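Heads up, the thing below is written out as structure tokens.
Keep in mind that what you see is a predicted model, and the values were worked out from it rather than measured.
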Amino acid sequence: MDTIKYKETVQKSEMIYSEEMSQFDFVHGQQNLDDINAQLNQTRSQRIRAAMFPESLEDYGIIRQNTSSSNLGRPSAVQRLAQPTQQLKSAIINLINYQEDADVTIRAIPELIKLLSDEDRIVVAKTLKLIDQLASKDASRMALTSSQALISSLINILLNSNDPDFHNTAAKILCNLSANNNKPALYAILKCGGIPALIKLLSSPIESVVFYAATTLHNLLMYEPASKAQVHHYNGTRKMVELLSQNNNQKFLAILLDSLHILAFNNSEVKLVIQTSGCPKELIRIMSSSNYQKLIWTCVRLMKVLSVCPENKRELVTEGGMQVLSTHLQDPNNDERIVYNCLLTLRNLSDCAIREDNLEGLIKKLIDILNNSGDINFTTCSAGILSNLTCNNDLNKMKFVEYNGIEIMLRTMLQAGNENKEDICEPAVCSLRHVTNRHPQAQVAQEAVRYYYGLPVIAPLLQSDQSRWPLLKATIGLIRNLALSDNNLAPLRELGIIPRLVQLLIKAINSHQQAQQQGIESAIIDDVPMEEIIEGTVGALHQLGRDPHNGIVIRELKCIPVLVQLLYMPWEGIQRVACGCLSELANDRINIDLIDNERITDRLTELLRSKDPAISTYAAAVLYRLSENKPGNDNFAMNNDPSLIYGGVEHHRMLGSNDQYVAYNTIDPYELEMQHPANFNGNSQLIDVPINSHQNQSPAQWFDTDL
């Protein structure tokens, strides 16, 4: 019985469920059918309006229908246009509102100006607050900038009021108005006397006021060139430098440093004020303690501009600028623009840093840049820095040799194309010239140049029709140093070095004579005096002449009459090298006869009394050999006054040892400091500045690399 009742109950439930589902399907199907019929009854324009402007259906008395496509889930063309149409509508609405805000603000400006001059403090405060709110919106801000009278009223409040709240709000308004290169606002602030008021605010005890004032001044300096003179005139430069030590906010410091960079650019007076205000010391402190990229970037840019000023350069080096720049150069977290500006600044400072210690890491990093960097600007700067750091610094020279700098520098020269030949090869040759002389590892360096196949790389640089005189001068000095090694004498001859040197010598002499005929004391081509070329080429021939075969080549090129002619030139450096070369050639009897035929005994006797001990010694050596060739020569009084003949120098030096040319010079005339004028994009032109022991010359200054 129970089983029969259970089956009857299940059958009744199934019948009820079936009836309900049938009714649901009928109702649901009827609704879909009604929707389809409604869509078919709509006009085409109504369907488009429903898709693009659904909110407008009520205006037409149309009930919004479901417009979703049932075509496999793909939207129709009308639906694809719906979203851009809504965006366009929003833009039009915003434009209408923008214009309405601007119109309302323009109409309110006269009343705002009147309220700013009200005697009631509360009224002024509320007015400033309202203007601040308007200045925060684009439309109303542009309307405010059209009124110079309003900006003048704000500046008067800054100048005449001592209320800190007024200062804070008014400074904030001017900061907002001057943002985003707003030319009308910047011009109005400048013309209405805003700069003195803003500089006054830099002394405010309220940090936000100082920040707003500094930001507004920065905006003026960036986009209104006429503001630079006013900022400096009202002592803004010095005040900004003072703020560097009073605030540790890195973003604020970046604004100050960029402002100082704009002020100092191409302005020597501002650079001196920055120096006397103690800015170099603060820059080193900031660079040493900060890792904020933007602050480091602005700091090193300012250092780069200051490094072309002699006073700032010396102070930056004294305060440790080379070391801190070296640290940032080796920091892998710094981006390329920081690294490049560090290189430019180091190159500018390096000619004053030849006596600095603890630069081994910098030298290694620079050699790594030469070896690994493919950027021509990085390579040029690195070569220039190495050239200066290896000048007259034994430790740096030895580190350069130790870090395989010779091989890498030669490879860099090989990789330099014709368009970059001068920019890279000149500092590279100068570096090699420095490290091949006057330090304990000099002979190792001389041998290394030959070992790494450097002689064939260097020889083509002596072609006067392809190289400018600064590069020719550097190459001549390098060849002179390489000739100090006996192992290099024959390879240099085989590469045709001697005829090229003689050709350059004759060319320099002719240029000098032409200048003399025109009444010019010295012939200078490409900033290189031809007297230095004469001295360099003869000095190189002197060292090359130590090899008998080289002496024969020099004789066959008819150099002896030329050397005799040089003895009559007024420059002691040229007299010294000419006497030295003749003394070396006089070891050959044929050369002695040729020298004797020039009848220079009287001139050599005069040179015996020279104040330069090298000249007197070389002259004595030539006279000695001439007297050996002619024992009856009465003009050579060797037996009467030997101290006069030898100039007080040991006899073995007179006879021509390898280092005799250097022995009589406190500073090697071929070891020269360099000057690197360059423009901001990294294309530089390098000029050697000689350090002559017999001339009291001041070091040449660098050109602005930020031009």
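In this structure, V429 and I458 have side chains that are not in contact, with every pair of non-hydrogen atoms separated by 4.5 Å or more. With contacts defined as side-chain heavy-atom distances shorter than 4.5 Å, the pair L325/L349 qualifies. Looking at heavy atoms from C-beta onward, R480 lies in side-chain contact with N437 at the 4.5 angstrom threshold. L389 is not listed as a side-chain neighbour of I354, based on a closest heavy-atom distance of 4.5 Å or more. Looking at L471 and K421, their side chains come closer than 4.5 Å, going by heavy atoms from C-beta outward. Taking the side chain as every heavy atom from C-beta outward, I424 and Q415 never approach each other to under 4.5 Å. Within the 4.5 Å cutoff, no side-chain heavy atoms of F400 are placed close to those of Q441. Side-chain contact between W469 and M530 is present, with at least one heavy-atom pair separated by less than 4.5 Å.
Electrostatic pairing of E606 and R603 counts as a salt bridge here, judged by a charged N lying under 4.0 Å from a carboxylate O. Salt-bridge formation is not detected for the pair R576/E572: no Lys NZ or Arg NE/NH1/NH2 atom is positioned less than 4.0 Å from an Asp or Glu carboxylate oxygen.
At most 12 heavy atoms of other shown residues, nucleotides or ligands fall within 6.0 angstrom of atom CD in Q503. Around atom OH of Y453, no more than 12 heavy atoms belonging to other residues, nucleotides or ligands sit under 6.0 Å away.
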Residue pair E628, R625: steps toward the salt bridge (Lys or Arg N to Asp or Glu O under 4.0 Å) verdict = CA-CA 5 Å; E628 285 185 331; R625 291 184 175 92; 5.6 Å; no
L344 vs R347, side-chain contact (heavy atoms from CB on, under 4.5 Å): CA-CA, chis, key distance, verdict | CA-CA 5 Å; L344 288 172; R347 189 184 63 178; 3.8 Å; yes
Take R438 and K397 through the test side-chain contact (heavy atoms from CB on, under 4.5 Å) and record every step on the way to the result.
-> CA-CA 9 Å; R438 295 177 63 82; K397 292 178 183 182; 4.1 Å; yes
Run the numbers on L462 and I479 for side-chain contact (heavy atoms from CB on, under 4.5 Å), then give the verdict.
-> CA-CA 10 Å; L462 281 180; I479 290 173; 3.2 Å; yes
CA sep, side-chain torsions, deciding dist, call: E426, K473, salt bridge (Lys or Arg N to Asp or Glu O under 4.0 Å) | CA-CA 9 Å; E426 186 184 347; K473 175 183 171 183; over 6 Å; no
Test side-chain contact (heavy atoms from CB on, under 4.5 Å) on V562 and V502 and set out the steps.
-> CA-CA 10 Å; V562 177; V502 174; over 6 Å; no
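Atom-to-atom distance recorded for L329:CG and K365:NZ is 6.0 Å, nearest 0.5 angstrom. Atom-to-atom distance recorded for I560:CD1 and E556:CD is 11.0 Å, nearest 0.5 angstrom. With rounding to the nearest 0.5 angstrom, the CG atom of L567 is 6.0 Å from the CG atom of L604. Between the CG atom in L501 and the CD1 atom in I533 there is a gap of 10.5 Å [rounded to 0.5 Å].
Using cut-offs of 30° and 60° for the angle between ring planes, the F378 and Y340 rings count as parallel.
H542 has its ring centre less than 6.0 Å from the ring centre of Y618.
The residue from Q543, R493, R555 that alone fulfils the side chain to side chain donor-acceptor pair (under 3.5 Å) condition with N550 is R493.
Using modelled atom types, one finds no donor on one side chain facing an acceptor on the other under 3.5 Å when comparing N587 with R546.
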